[in-house]
Amino acid sequence: MNRKNYLPVAFFVGLFMFFLLYYIVIHPLIPYNSDDWMFMSANRIALPSIHAWNPSRVFPEFLMPLVSELASFLIYPLCHDYFLSQTILHSFVISIFLTSYVGMFYHLLYKRFSVEKKLAMMLSLLFLLLHYLIFRTQDTANVHLFYSNDLTCHYFYLIPNVVNAMLVMSLLKKDWLHGNDFNFVKKGMLLLVVYLAICSNLFCSDILVIFLGTQILTTMPFGKKKAKKYISFVKQNICFFGIIGFWLFVNLMELMGPRAAYLAKEAQTVGFTSQLVTSIHSILAVKYNVFFVLLALFALAVSVYALKKEKRLPLFTIQLLLSSVITVIYVVLVSAKSVPSYSSRPDILFAVFFPIIVLAVLGIVKITRYWEKSIIVLPVLLLILFSQVNRSLPTFADLRINTDVPFNYTLNTLQRVNYDILKQVVEADKKNGVDNVSIIVPHVENDGENWPYLLIYNNYSNSLIQTLYKHGIIEKKLKGEMKVGKDLSEY
């Protein structure tokens, strides 16, 4: 290996180890609620289906049960701790996606903008820090752009977010349609990734589709005398039009699915206008870190300076800015149609701020081109920003903050409940002639459903037993019923 490549490899290995440590030790990923247990074993066919609860969520509902099953058969025999085995492999997979995400940005800098490798690594670190800085407004229990409420949401939102964002960065780096080095194998793999990105989550797939839309809008020939050019343009970009068309089809299926019908029924009592107002208020109520805002404004000032100096803005700048603005409108409208408070969730706001963060760092690149000596202050800037995301108290939240349900118990409490419930099921499985088990779950003060230990239709117990049976932890397919025991705060 060339010596020049050692440093980037070491950088990304170190980055991967950081993510792994973060999700295994600092803020462990553990299954704990009804959704987690359901989707850890609910395998689905890799096609959109109007009969599925979420018709379009092929990618997360395929990947999550696969990783969960591999953890139980590959890691569990080594550590003999079911929950630890799940934490290790889920953390490993999510760390790969996040490292690849930062790696794609590094390659964007290096390939498209010809940034020197050491500088590209520093700017990639800045890119990463901004994701953690954006919502850091207090000394503890903050969220960030990679934050999700539970294990399921990491698969339903975080992973689709970064996959769609990586495709956008790939588009910025290379022209998919006219690249000479794209053989059929590469095109096939690209098609697979695009398919999974579109069939993931309507709050995440918009990252790619809206950017494609801005590419079409900013390069399309306009005017009455340009009909022939317009036809030629459509032919040249037929793949992009096809992706957008497929996305519209998939979203139509989502709107006709069971979950959409359930949400529409709930919304009838309130009305769309009221939900829209709540959605707008929700997104406006989000608080941002002052340093992040100042840096974003500084990047905007650089863009204005570049406009004055070069008499035009780069096309990618217009496309990214347009993407962010359109995404805000999209998020507000879709949240109003589903759950208005979604518009303030960090894993949904990712789609809004990803283009802004890319532009902010590219603004720094622009500064280094105008004033090369400005690179000297970059390490100091990184140090200041790191001090902002690592406070005296535990800076970021565990998997315990839910914006929809007032559920705020510590991760240790959830772990103690996990092991207690697992013990109940395993002991019942070992008893001869016993086919039923009464699972004592904590009582939780919230909306009457006892979330996260959902009582409706014995949801929690059925999902738990199904998953443990599929993963080989119990030998019998027990019939479970739930009984509420002591309060969760007493565990």
Any [X] side-chain heavy atom under 4.5 Å of [Y] side chain:
X: Ser170; Y: Met166; value: no
X: Asn289; Y: Ile134; value: no
X: Phe135; Y: Asn142; value: no
X: Gln466; Y: Met40; value: no
X: Cys153; Y: Tyr147; value: no
X: Tyr32; Y: Pro452; value: yes
X: Tyr23; Y: His90; value: no
X: Leu63; Y: Phe97; value: yes

Sidechain-backbone polar pair: [X] side chain, [Y] backbone, donor-acceptor under 3.5 Å:
X: Asn201; Y: Tyr157; answer: no
X: Ser279; Y: Gln275; answer: no
X: Ser343; Y: Pro340; answer: yes
X: Asn237; Y: Phe240; answer: no
X: Gln86; Y: Ser68; answer: yes
X: Glu481; Y: Ser438; answer: no
X: Asp487; Y: Glu490; answer: no
X: Asp150; Y: Ser34; answer: no
X: Asn418; Y: Pro31; answer: yes

What residues, two or more places apart in sequence or in another chain, satisfy side-chain contact (heavy atoms from CB on, under 4.5 Å) together with [X]?
X: Leu21; value: Val25, Ile26
X: Leu320; value: Leu172, Phe211, Phe316, Pro355, Val358, Leu359
X: Ile96; value: Phe16, Phe92, Ser100

Kindly assign one of parallel, tilted or perpendicular to the pair [X] and [Y], based on the angle between their ring planes and the thresholds 30° and 60°.
X: Tyr132; Y: Phe146; value: perpendicular
X: His27; Y: Tyr22; value: tilted
X: His131; Y: Phe350; value: tilted

Please round to the nearest 0.5 Å and tell me the distance separating atom [atom1] of [X] and atom [atom2] of [Y].
X: Ile439; Y: Ser461; atom1: CD1; atom2: OG; result: 5.0 Å
X: Ile198; Y: Asn164; atom1: CD1; atom2: CG; result: 6.0 Å
X: Phe12; Y: Tyr106; atom1: CZ; atom2: OH; result: 6.5 Å
X: Met17; Y: Thr99; atom1: CE; atom2: OG1; result: 10.5 Å
X: Ile216; Y: Leu212; atom1: CD1; atom2: CG; result: 6.5 Å
X: Phe39; Y: Asn54; atom1: CZ; atom2: CG; result: 6.0 Å

Please list every donor-acceptor pair under 3.5 Å in which a side-chain atom of residues 242-251 meets a protein atom from a residue at least two apart or in another chain.
{"residue": "Trp247", "atom": "NE1", "partner": "Ser205", "partner atom": "OG", "Å": "2.8"}

Please list all pairs passing the side chain to side chain donor-acceptor pair (under 3.5 Å) test where one or both residues lie in residues 419-428, with sequence neighbours left out.
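Qualifying pairs, neighbours excluded: Asp81-Tyr419, Asp420-Gln424.
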Going by the rule side chain to side chain donor-acceptor pair (under 3.5 Å), which residues pair with [X] if we only count those two or more places apart in sequence or in a different chain?
X: Thr219; result: none
X: Tyr82; result: His471
X: Thr467; result: Ser41
X: Asp36; result: Thr152

Inspect the surroundings of [atom1] in [X] and state if more than 12 heavy atoms from other residues, nucleotides or ligands are less than 6.0 Å away.
X: Phe233; atom1: CZ; answer: yes
X: Lys111; atom1: NZ; answer: no
X: Leu47; atom1: CG; answer: yes
X: Lys479; atom1: NZ; answer: no
X: Met220; atom1: CE; answer: yes

So, applying side chain to side chain contact (heavy atoms under 4.5 Å, CB included) with Leu145, which one of Val352, Asp347, Ile357, Leu128 is it?
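When side chain to side chain contact (heavy atoms under 4.5 Å, CB included) is applied between Leu145 and each of Val352, Asp347, Ile357, Leu128, only Ile357 qualifies.
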Pairs involving residues 39-52, ordered by first then second residue, that meet salt bridge (Lys or Arg N to Asp or Glu O under 4.0 Å) (sequence neighbours left out):
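Of all non-adjacent pairs touching residues 39-52, those that pass salt bridge (Lys or Arg N to Asp or Glu O under 4.0 Å) are Arg44-Glu61.
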Can you list every pair that meets salt bridge (Lys or Arg N to Asp or Glu O under 4.0 Å) and has a residue in residues 463-472, with sequence neighbours left out?
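Salt bridge (Lys or Arg N to Asp or Glu O under 4.0 Å) check on residues 463-472 returns Glu69-Lys470.
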Give every donor-acceptor pair under 3.5 Å between a side-chain atom in residues 281-288 and any protein atom, sequence neighbours left out.
{"residue": "Ser282", "atom": "OG", "partner": "Ser344", "partner atom": "OG", "Å": "3.1"}

Does a donor on one side chain and an acceptor on the other come within less than 3.5 Å for Thr214 and Gln319?
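Judged by distance alone, the side chains do not pair up.
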